[in-house]
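Just so you know, ligand 1 is whichever comes first in the structure, and atom 1 is the first atom listed for that ligand. Here, residue 1 is the first one in the sequence, and each next residue gets the next number. In this text, all values refer to a predicted model and were calculated from it rather than measured experimentally.
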Amino acid sequence: MSKQQLVETASAMVSRGKGILAADESEKTLQSRFDGIGLEATQDLRRAYRDLLFTTPGLEDFISGVILYDETLRTRSLDDVQFPDLIAQQGIIPGAKVDTGLTGLAGFPGEQITEGLDGLRERVQTYRELGARFAKWRAVFAIGQGAPTRTCIQANAQVLARYAAICQEAGVVPIVEPEILMNGTHSIEECEEATETTLSTVFYELLAHRILLEGIVVKPSMVLSGTECPVQAGVEEVAEATIRCFRRTIPASVPGIAFLSGGQSPELSTAHLNAMNLMGPQPWEISFSYGRALQDPARAVWKGEEANRKLAQEVFYHRTKCNGAARFGKFSPEME
Ligand code: 13P
């Protein structure tokens, strides 16, 4: 697999005016999302829901890639097409979540490490055969009570780098996702400091593991005030702190940054993305790879009812359009 192909895929994932749909919830996570609409996430309903999202008319207007979970990569649409093929037919790049989830970091209460390196080389190969051209691995860091510790940051950064190396070896673009959780009483300054330390460590390890930085996409969290912090930073302040932090830590060789939403409301996620894109040219594309912020309003309209499917697709399309506009700094609240 040539380096050129990695570079081309990575830059297509962050192409202008578009972003990535994260639809890679595990069965357990999707159940917790379905709890919000009072539904049991049965296999049939999981399939119907993913079908609704991926057959939305005009999906390709503002979506460049879709992240899928193991089950979805192997499932057929209601019209009997493999989901990755259905996505690729629309000119959208299919990808796969390849980590196997979080576990407590032994010796460091409250901190977590991501698992899934065992058998990863074979798993990535299988997903590639199923159509995935990129992968995702999520590492998580909490702020508070001394966390994130240096040990937790280093351990996760090293694992992220080992994952990225295995993906690139197979010609699959790794999405490198270090998420600083927004829960907590911490200030935006504390979040900036934790993000700066984490990102700089992650890039140190990526280089140490000989990762081609032109062939990755970074999926970070924004620099935000903790959800329980009495002082909540405004949109401009978040945009400025986030870009400042990234300019210090993310090399210009990286083609793009695709944010996670992390529990922010759909509207705020879009407003933050817009504000960052208004700040003038940056070395990298500033894009989105939202899960909840793209899906929540549509799922709330759908409620598992076939009769609501079309309206849910319209609501979903509208969110992709708002974020597509935010990629150019052209979103305005009137669009809501
Ligand atoms: P959220 O946008 O809901 O945070 O999900 C993005 C994601 O893929 C987390 O790994």
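- In terms of polar-atom proximity, defined here as any N/O pair under 3.5 Å, Arg33 makes no such contact with ligand 1.
- Between Arg47 and Asp51 there is no salt bridge, since no side-chain N of the basic residue sits under 4.0 Å from a carboxylate O of the acidic one.
- At a 3.5 angstrom cut-off on N or O pairs, Gly263 does not count as close to ligand 1.
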Next on the checklist: Does Arg33 form a side chain to side chain donor-acceptor pair (under 3.5 Å) with Gln295? I'd like the steps, not just the answer.
Outcome noted: CA-CA 10 Å; Arg33 306 277 183 262; Gln295 297 181 43; over 6 Å; no
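- Residue-ligand proximity, Arg138 to ligand 1, at heavy-atom distances under 4.0 Å covers atoms 9 (C), 10 (O).
- Remark: ligand 1 and Ile67 share no N or O pair separated by less than 3.5 Å (distance only, no angle test).
- Proximity of Glu177 to ligand 1, defined as any heavy-atom pair under 4.0 Å, is confined to the side chain (atoms from C-beta onward).
- Near Ser261, meaning under 4.0 Å from any of its heavy atoms, are these atoms of ligand 1: 1 (P), 2 (O), 3 (O), 4 (O).
- Residue contacts with ligand 1, taken as heavy atom pairs separated by less than 4.0 Å, involve Arg292 via backbone and side-chain atoms alike.
- Taking every non-hydrogen atom of Tyr290 and a distance limit under 4.0 Å, the qualifying atoms of ligand 1 come out as 2 (O).
- Each of Lys136, Arg292, Arg50 was compared with Glu25 under the salt bridge (charged side-chain N to carboxylate O under 4.0 Å, His left out) criterion, and only Arg50 meets it.
- Side-chain N/O atoms of Thr103 and Gln112 include no donor and acceptor closer than 3.5 Å.
- Taking distance alone, with nitrogen or oxygen atoms compared against 3.5 Å, Lys219 approaches ligand 1 more closely than that limit.
- At a heavy-atom distance under 4.0 Å, only side-chain atoms of Ala22, from C-beta outward, approach ligand 1.
- Side chains of Arg150 and Thr197 form a contact here, defined as non-hydrogen atoms less than 4.5 Å apart.
- Interface of Gly291 with ligand 1, defined as ligand atoms under 4.0 Å from a residue heavy atom, comprises 1 (P), 2 (O), 3 (O), 5 (O), 6 (C).
- Panel note: side chain Gln90, backbone Phe54; a donor-acceptor pair is recorded below 3.5 Å.
- Under 4.0 Å from ligand 1, the heavy atoms of Ser289 that appear belong solely to its backbone.
- The shell of residues lying under 4.0 angstrom from ligand 1, judged by heavy atoms, includes Lys136.
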Checklist entry - Does the pair Ile216 and Leu212 meet the rule for a side-chain contact (heavy atoms from CB on, under 4.5 Å), with working shown? => result CA-CA 7 Å; Ile216 71 168; Leu212 178 74; over 6 Å; no
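- Between Leu6 and Glu214, the closest side-chain pair of non-hydrogen atoms is not below 4.5 Å.
- In this pair, Phe259 and Phe246 present their aromatic rings parallel. The plane angle is below 30°, not in the 30 to 60° band.
- Not a single heavy atom of Ala293 sits less than 4.0 Å from an atom of ligand 1.
- No side-chain heavy atom of Lys18 sits under 4.5 Å from any side-chain heavy atom of Met13.
- In this comparison of Ser221, Gly262, Ala139, the heavy atom closest to atom 4 (O) of ligand 1 sits on Gly262.
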